[in-house]
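Working notes for the structure below.
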Amino acid sequence: MLPYLYSRFTLIPTTSRNVARRFFTFEAGDFCMLREMRSNRKYLIGPLEEGMQKDHKGGRINHEDLMGKPIRSIVRTHNDAYGFMLHKPTLEEYVLNVPRACTPVYTKDASSIVQMLDIEPGNRILEAGTGNGALTLYLARAVSSQGRVDTFDIRETHSNAAKKHVQRYDRGRFKDVVSFHLGDVADHVTQLVDSNNNDKEIFDGIMLDMPEPNKTIESLLPYLRNDRFIVCYLPNMTQVLDLVQAARGLPVMMESCIETEWKEWDVRATHIRSTDETAWICRPKNFDVKGHTAFLTKLRKTA
């Protein structure tokens, strides 16, 4: 009998893809996170291609040297000066290190947005402001293969870059979940509604990353299911006030406005030369992009 893992709802055989992913082997087209053994610094490399290489402090690692290697393998530069451990990139590592068409939505905000929208597998989510595709990937992972994310951007360069990032992540795991649209969401959202379906309320949540969402919300409300949520990503409090003012005349109520901050600490051992003893460094890092990025304002449809 095959061994089984217990999930929340069912028994999953350990031969399923979720468990098989633990034995991940790098192939052409994959991204790989190299962790330098001495400094513990990480470097994203990929997509892996024959004939390509990564230079590192006078040494190099050929992409072919990584292909066929399982995760946590050790590779060294051609001159044997540096050693690296191979890791499968996390979603956070991937979205923060791929080339940027614009600043991505950082993980602290993306994870909060997924929670605020109360997303479940199978949901359909509307996103306006695709950007670099970072939040798009978090939304796609939350709705899972049973759901769908429709994402709009007015800039073709942003939309194309995001599409490439989604297609390349984890061997295209979420490429069929996301539909990319170019143009103003208010002008084109009607095209997503089945003409034979009298019920316009097709979305379980709406995410707006735009300077003036208050000018768009009214046109999108008919497509949001009743008692569901809109979350707006707003860097400035003046934008929040404009939104709340505009919402007073709409069938919505303000649920919350939050600012998420992560304080990362530097925790490591250090050697005290004078005493030849080991002490611990434990302090907040001086600078971190995980500080203020935006106010996340949540509205609930009440019609």
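Bear in mind that the values here come from a model prediction, so they are computed numbers and not experimental data.
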Check step by step if side chain to side chain contact (heavy atoms under 4.5 Å, CB included) holds for Ser179 and Arg148.
CA-CA 8 Å; Ser179 296; Arg148 182 173 174 181; 3.5 Å; yes
Do Ile71 and Met37 sit in one hydrophobic cluster, given that two such residues count as connected whenever their side-chain heavy atoms are within less than 4.5 Å of each other, even indirectly?
no
Nearest 0.5 Å, please: how far is CZ in Phe229 from CD1 in Ile119?
11.5 Å
In this structure, would Met85 and Phe31 fall into the same cluster of hydrophobic residues linked by side-chain contacts under 4.5 Å?
no
Examine Leu208 and Met237 and state if one hydrophobic cluster contains both, with Ile, Leu, Val, Met, Phe, Trp and Tyr joined whenever side-chain heavy atoms are less than 4.5 Å apart.
yes
Passes salt bridge (charged side-chain N to carboxylate O under 4.0 Å, His left out), Asp204 versus Arg225? Steps please.
CA-CA 6 Å; Asp204 300 286; Arg225 299 188 192 280; 2.9 Å; yes
For residues 239-252, which side-chain N or O atoms pair as donor and acceptor with protein atoms under 3.5 Å away, sequence neighbours left out?
from, atom 1, to, atom 2, distance (Å)
Gln239, OE1, Asn236, N, 2.9
Gln239, NE2, Pro211, O, 3.1

Would Cys232 and Ile217 count as a side chain to side chain contact (heavy atoms under 4.5 Å, CB included) if you check the C-alpha gap in whole Å, the side-chain angles of each, and the deciding distance to 0.1 Å?
CA-CA 10 Å; Cys232 301; Ile217 285 180; 4.2 Å; yes
Is any side-chain heavy atom of Thr216 closer than 4.5 Å to a side-chain heavy atom of Asn214?
no
Any side-chain heavy-atom pair of His78 and Ile61 under 4.5 Å:
no
Considering all heavy atoms, the nearest Val105-Ala134 contact:
O-CB, 3.7 Å
Would you please test Gln53 and Asp55 for side chain to side chain contact (heavy atoms under 4.5 Å, CB included) and show each step?
CA-CA 7 Å; Gln53 65 184 39; Asp55 297 322; 3.0 Å; yes
So, Glu92 and Thr90: side-chain donor and acceptor under 3.5 Å apart, yes or no?
no
Counterpart residues, salt bridge (charged side-chain N to carboxylate O under 4.0 Å, His left out), relative to Glu49 (two or more places apart)
none
To the nearest 0.5 Å, atom CD of Gln167 lies from atom CG of Asp170 at 14.0 Å
For Ile281 and Val267, run side chain to side chain contact (heavy atoms under 4.5 Å, CB included): C-alpha distance rounded to whole Å, both residues' side-chain angles, the deciding distance at 0.1 Å, then the answer.
CA-CA 5 Å; Ile281 293 175; Val267 180; over 6 Å; no
Among residues at least two apart in sequence or on other chains, which ones pass ring pair (Phe, Tyr, Trp, His ring centres under 6.0 Å) with Phe152?
His181
Does the side chain of Leu139 come within less than 4.5 Å of Leu117's, by heavy atoms?
yes
Taking the ring centre of each residue, are Tyr223 and Phe203 less than 6.0 Å apart?
no
Side chains of Thr107 and Tyr138: does their closest heavy-atom pair fall under 4.5 Å?
yes
Pairing donors with acceptors under 3.5 angstrom, does anything connect the side chains of Thr297 and Tyr233?
no
Please answer whether the main-chain N or O of Glu64 pairs with a side-chain N or O of Asn62 as donor and acceptor at a distance below 3.5 Å.
no
Is it the case that Arg38 places NZ or CZ above or below the six-membered ring of Tyr82, under 6.0 angstrom from the centre and within 45 degrees of the axis?
yes
Student check: side-chain heavy atoms of Glu255 and Leu299 closer than 4.5 Å:
no
Check the hydrophobic clustering (I, L, V, M, F, W, Y; side-chain heavy atoms under 4.5 Å; chains of links allowed) and say if Met210 and Ile154 are grouped together.
no
Using modelled atom types only, decide if a donor and an acceptor are shared between the side chain of Ser144 and the backbone of Arg141 within a distance under 3.5 Å.
no
Tell me the closest heavy-atom pair linking Asp153 and Ser159, and the distance in Å.
CB-CB, 4.5 Å
Flag the pair Asp266 and Arg268 as a salt bridge only when some basic side-chain nitrogen lies within less than 4.0 angstrom of an acidic carboxylate oxygen.
yes
Compare every heavy atom of Glu201 with every heavy atom of Asn226, then report the nearest pair and how far apart it is.
N-OE1, 3.6 Å
Spacing of CG belonging to Leu96 relative to OH belonging to Tyr106, to within rounding of 0.5 Å:
7.0 Å
Tell me, yes or no, whether the heavy-atom count around Gln146 atom CD, taken from other residues, nucleotides or ligands under 6.0 Å, exceeds 12.
yes
Pro121 versus Val143: any side-chain heavy-atom pair under 4.5 Å?
no
Any donor-acceptor pair under 3.5 Å linking the side chain of Asn123 with the backbone of Glu120?
yes
Counting C-beta onward and ignoring hydrogens, is there a side-chain heavy-atom pair between Met116 and Ile258 closer than 4.5 Å?
yes
Could you tell me whether Arg228 and Asp118 have a side-chain N and a carboxylate O separated by less than 4.0 Å?
yes
A quick test of your reading: do over 12 heavy atoms of other residues, nucleotides or ligands sit less than 6.0 Å from CZ of Arg76?
yes
Is it true that Thr293 and Lys108 share a donor-acceptor pair across their side chains at a distance under 3.5 Å?
yes
Nearest 0.5 Å please: distance from the CG atom of Asp109 over to the CG atom of Leu135.
9.0 Å
May I ask whether Leu224 and Met254 are part of the same hydrophobic cluster, defined by side-chain heavy atoms of I, L, V, M, F, W, Y residues being less than 4.5 angstrom apart, directly or through others?
yes
So which atom in His165 and which in Asn132 form the shortest heavy-atom distance, rounded to 0.1 Å?
CD2-O, 3.2 Å
Using only atom types and a distance under 3.5 Å, with no angle test, would you say the side chain of Asp30 pairs donor to acceptor with the backbone of Glu27?
yes
How close do Leu220 and Val189 get, heavy atom to heavy atom, and via which atoms?
CD2-CG1, 4.1 Å
To the nearest 0.5 Å, what is the distance between CZ (Phe295) and OG (Ser256)?
13.0 Å
Look at the rings of Phe24 and Phe26 and say which category their plane angle falls in: under 30° parallel, 30 to 60° tilted, over 60° perpendicular.
perpendicular
In Lys42, Arg41, His56, the residue satisfying side chain to side chain donor-acceptor pair (under 3.5 Å) with Glu36 is His56
Polar side chain donor-acceptor pair, His87 to Glu93, under 3.5 angstrom
no
Heavy-atom closest contact (Leu48 atom, His63 atom, distance):
CA-ND1, 3.3 Å
Taking atom OG1 of Thr136 and atom NZ of Lys163, what is their separation to the nearest 0.5 Å?
12.0 Å
Just by distance, do the side chain of Lys69 and the backbone of Asp65 share a donor-acceptor pair under 3.5 Å?
yes
Any Pro213 side-chain heavy atom under 4.5 Å of Leu234 side chain
yes
